[in-house]
Amino acid sequence: MAPRTNWKGFVQLSLVSVPVKAYTANESGAQIRLNQLHSDCNSRIAYKKVCPEHGEVSNDQIIRGYEHAKGKYVVIDDDELDKLRTKSDRCVNIEGFVAPDELDPIYHAGRTYYLLPDGPVGQKPYRLLVRGMEENGVNAVAQVVISQREQLVLLRPLEGILAMTVLNHQAKVKSSGIFREEIADAECSAEELQLASTLINASRLEEFDYGKYTDRYVEKLSELIRLKVEGAEVVQTPDTEAPQIINLMEALKESVAAAQGAAADAGGKKQAPSATARRQDESEAAAEDKRKAG
C-alpha cells in the first residue's frame with residue numbers, strides 16, 4: 001500500500017517556486033495500545049459523544065463552532081475556513097539558510113516530513129534546490145501552515161531528499177541556563193580526565209548501526225501479552241547486580257578495563273589514544289630523553 005500524502009504545496013525561495021508533496025517520516029506501526037477495561041467484568045470502557053438534549057450523536061452530525069458569549073456559538077464551516085486560506089498558506093516560505101549546527105536539536109518538535117517533487121514540472125527545481133543545499137552545506141529555516149497553524153520548520157537535505165522538521169519556537173523551550181545552578185563546580189584532576197578520555201575512546205563505536213536498536217519495551221510487552229494469552233506464569237526478570245564501587249578513580253579504572261576487554265573480545269580495532277594521553281606520552285618521552293642526556 002502506497003503511503004498517503006499528508007500535505008501539498010510549494011517550497012518558495014524568492015521568486016523560485018517548487019511544487020512539493022509531503023509524507024510523514026514518523027512510523028507508528030510498532031506501538032502496542034492497551035485499552036481501558038471495567039475492573040469488575042473486563043468490559044471495554046467506551047467514550048461516547050453525547051448531546052445533552054438528544055443523547056448520543058454520530059460523527060457526521062458534529063460541526064464546529066466558537067463560543068462568543070456564555071452558551072452562544074457561531075458555527076464555522078470547513079468551506080468558510082478554506083476561503084481564509086491564500087496561496088501563501090500552501091507555501092513553505094524559506095526565510096534563509098543556516099549552518100547545520102546553527103540550530104540545536106532541542107528545538108525539534110518530533111514531527112518530520114519528506115518533501116518530494118509534485119509532478120514533472122517540480123523535478124528540476126527540486127533537484128537544483130537539494131543539490132545547492134548539499135554543496136553549500138546548509139539547512140533552511142522556513143515557515144508553513146500545517147493543520148491550520150503556522151509552523152516554524154527546518155529543511156535539510158537527507159540522502160538526496162528534502163526533509164522538513166517542525167520546530168518549537170524558542171519561547172516554548174526551557175533554557176538550559178536555569179538549571180546551571182544545579183551543577184556544582186567540582187574540580188577534576190588530570191589523572192581523572194585522562195581516565196575519562198581513555199574510557200570514551202575505548203567505548204567509541206567504529207561502525208554505528210542505528211538499525212540494530214529496537215524498542216525493547218514493546219518487545220517485552222509483546223512477550224507479556226503472549227504469556228498472559230497462553231495462561232503462563234509471569235516471572236520477574238532478575239536484575240544484574242552492579243558492582244559496588246564508591247570511589248570515582250576506582251570506578252573509572254574498572255570501566256576502562258571492562259571497555260578495553262570488550263573491545264578485545266569483539267576483535268575491534270585498537271582505539272586511537274586520546275589527546276590527553278598523547279600529551280602525557282609526549283611529556284614522559286621528553287622527560288626520559290632529558291634524563292638520558294643529563
Colleague: Does atom NE2 (H68) have a neighbourhood of more than 12 heavy atoms from anything else shown, all under 6.0 Å?
Modeller: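 Atom NE2 in H68 is crowded, with more than 12 foreign heavy atoms closer than 6.0 Å.
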Colleague: Would you say Y210 ends up clustered with L205 if hydrophobic residues are merged whenever their side chains have heavy atoms under 4.5 Å apart, either directly or through other cluster members?
Modeller: yes
Colleague: What distance separates T24 OG1 from N6 CG, expressed to the nearest 0.5 Å?
Modeller: 5.5 Å
Colleague: Nearest heavy-atom pair of E192 and E187: which atoms, and what distance?
Modeller: OE1-O, 4.2 Å
Colleague: Transitively linked via ILVMFWY side-chain contacts under 4.5 Å: V138 with Y107?
Modeller: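 As far as the 4.5 Å side-chain criterion goes, Y107 and V138 are not connected within one cluster.
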Colleague: Do I94 and L155 touch side chain to side chain, with heavy atoms closer than 4.5 Å?
Modeller: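 Yes, side chains in contact.
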Colleague: Can you list the residues that meet the side-chain contact (heavy atoms from CB on, under 4.5 Å) rule with K253, with sequence neighbours excluded?
Modeller: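 Residues passing side-chain contact (heavy atoms from CB on, under 4.5 Å) with K253: E191, L195, M249.
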Colleague: Which atoms form the tightest heavy-atom contact between V57 and C51, and what is the distance?
Modeller: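 Looks like CG1-CB, 4.1 Å.
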Colleague: Given side chains that start at C-beta, do those of V75 and D77 come closer than 4.5 Å, heavy atoms only?
Modeller: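 V75 vs D77: side chains touch.
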Colleague: Within the supplied structure, the quantity of interest is the number of heavy atoms (other residues, nucleotides, ligands) at a distance under 6.0 Å from R127 CZ; does it exceed 12?
Modeller: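 Above 12, so yes.
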Colleague: Quick check against the 3.5 Å criterion: does E182 have a side-chain atom that pairs as donor or acceptor with the backbone of F179?
Modeller: no
Colleague: Do side-chain atoms of S175 reach the backbone of G177 as a donor and acceptor pair under 3.5 angstrom?
Modeller: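 Here the side-chain-to-backbone pair exists.
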Colleague: If you round to the nearest 0.5 Å, how far is CG of D104 from OG of S176?
Modeller: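 If we round to the nearest 0.5 Å, S176:OG and D104:CG are 8.5 Å apart.
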Colleague: Does F208 CZ have over 12 foreign heavy atoms under 6.0 Å away?
Modeller: yes
Colleague: Backbone N or O of L115 within a donor-acceptor pair of the Y126 side chain at under 3.5 Å?
Modeller: yes
Colleague: Linking I/L/V/M/F/W/Y whenever their side-chain heavy atoms sit closer than 4.5 Å, directly or via other members, would V141 and V16 fall into one cluster?
Modeller: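 Cluster IDs for V141 and V16 differ.
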Colleague: Verify the distance criterion only: is there a donor paired with an acceptor across the side chains of Q143 and Q151 at less than 3.5 Å?
Modeller: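 Q151 and Q143 do not have a side-chain donor-acceptor pair below 3.5 Å.
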Colleague: Is Y23 linked to L158 within one hydrophobic cluster, defined over Ile, Leu, Val, Met, Phe, Trp and Tyr using a side-chain heavy-atom separation of less than 4.5 Å?
Modeller: yes
Colleague: Determine, stepwise, if the pair W7 / K21 fulfils side-chain contact (heavy atoms from CB on, under 4.5 Å).
Modeller: CA-CA 6 Å; W7 180 88; K21 50 188 176 181; over 6 Å; no
Colleague: Run the numbers on K8 and D118 for side-chain contact (heavy atoms from CB on, under 4.5 Å), then give the verdict.
Modeller: CA-CA 8 Å; K8 283 191 176 186; D118 189 15; 3.6 Å; yes
Colleague: Looking at every non-hydrogen atom in both residues, tell me the closest pair between Y113 and A22 and how far apart they are.
Modeller: CB-CB, 4.2 Å
Colleague: Under the rule for side-chain hydrogen bond (donor to acceptor under 3.5 Å, both in side chains), what residues qualify as partners of E134, not counting sequence neighbours?
Modeller: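 side-chain hydrogen bond (donor to acceptor under 3.5 Å, both in side chains) list for E134, sorted by chain: empty.
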Colleague: Distance-only check: which donor-acceptor pairs under 3.5 Å involve side-chain atoms of residues 43-50, not counting sequence neighbours?
Modeller:
residue, atom, partner, partner atom, Å
R44, NH2, N35, OD1, 3.2
Y47, OH, Q36, OE1, 2.3
K49, NZ, N59, OD1, 2.9

Colleague: Going by the rule side-chain hydrogen bond (donor to acceptor under 3.5 Å, both in side chains), which residues pair with S58 if we only count those two or more places apart in sequence or in a different chain?
Modeller: D60, Q61
Colleague: Roughly how far, to the nearest 0.5 Å, is CD of E254 from CG of L199?
Modeller: 12.0 Å
Colleague: Mind checking side-chain contact (heavy atoms from CB on, under 4.5 Å) for K212 and listing every partner two or more places apart, or none if nothing turns up?
Modeller: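 Scan of K212 (side-chain contact (heavy atoms from CB on, under 4.5 Å), adjacent residues dropped) gives D209.
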Colleague: For E159, look at atom CD and say whether over 12 heavy atoms of other residues, nucleotides or ligands are found less than 6.0 Å away.
Modeller: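 Counting other residues, nucleotides and ligands, CD of E159 stays at 12 neighbours or fewer.
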Colleague: Once you round to the nearest 0.5 Å, how far does CD1 of I225 lie from NZ of K220?
Modeller: 14.5 Å
Colleague: Indicate yes or no: at least one non-hydrogen side-chain atom of P19 is less than 4.5 angstrom from one of V121.
Modeller: yes
Colleague: Does E181, at its CD atom, have more than 12 non-hydrogen atoms belonging to other residues, nucleotides or ligands within less than 6.0 Å?
Modeller: no
Colleague: Closer than 3.5 angstrom, by distance alone: can the side chain of E223 be matched with the main-chain N or O of L227 as a donor-acceptor pair?
Modeller: no
Colleague: Consider only side-chain heavy atoms of I, L, V, M, F, W and Y, link residues closer than 4.5 Å, and tell whether L103 and V92 are in one cluster.
Modeller: no
Colleague: How about V144 and R90: do any of their side-chain heavy atoms sit closer than 4.5 Å?
Modeller: no
Colleague: Report the distance from atom CD1 of I146 to atom CZ of R149, rounding to the nearest 0.5 Å.
Modeller: 10.5 Å
Colleague: Check whether more than 12 heavy atoms from other residues, nucleotides or ligands sit under 6.0 Å from atom OH of Y114, and answer yes or no.
Modeller: no
Colleague: If you look at every heavy atom in M133 and A140, which pair is closest and at what distance?
Modeller: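 M133 and A140 have their closest heavy atoms at CE-N, 3.8 Å.
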Colleague: To the nearest 0.5 Å, what is the distance between CD1 on I32 and CD on E219?
Modeller: 9.5 Å
Colleague: What are the two closest heavy atoms between P100 and N139, and how far apart are they?
Modeller: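 P100 and N139 have their closest heavy atoms at CA-ND2, 3.5 Å.
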Colleague: Tell me the closest heavy-atom pair linking S17 and F10, and the distance in Å.
Modeller: OG-CD2, 3.3 Å
Colleague: Can I get a per-line list of side-chain donor-acceptor pairs under 3.5 Å for residues 163-171, giving both atom names and the distance, sequence neighbours left out?
Modeller:
residue, atom, partner, partner atom, Å
T165, OG1, T112, OG1, 3.0
T165, OG1, R156, NH1, 2.7

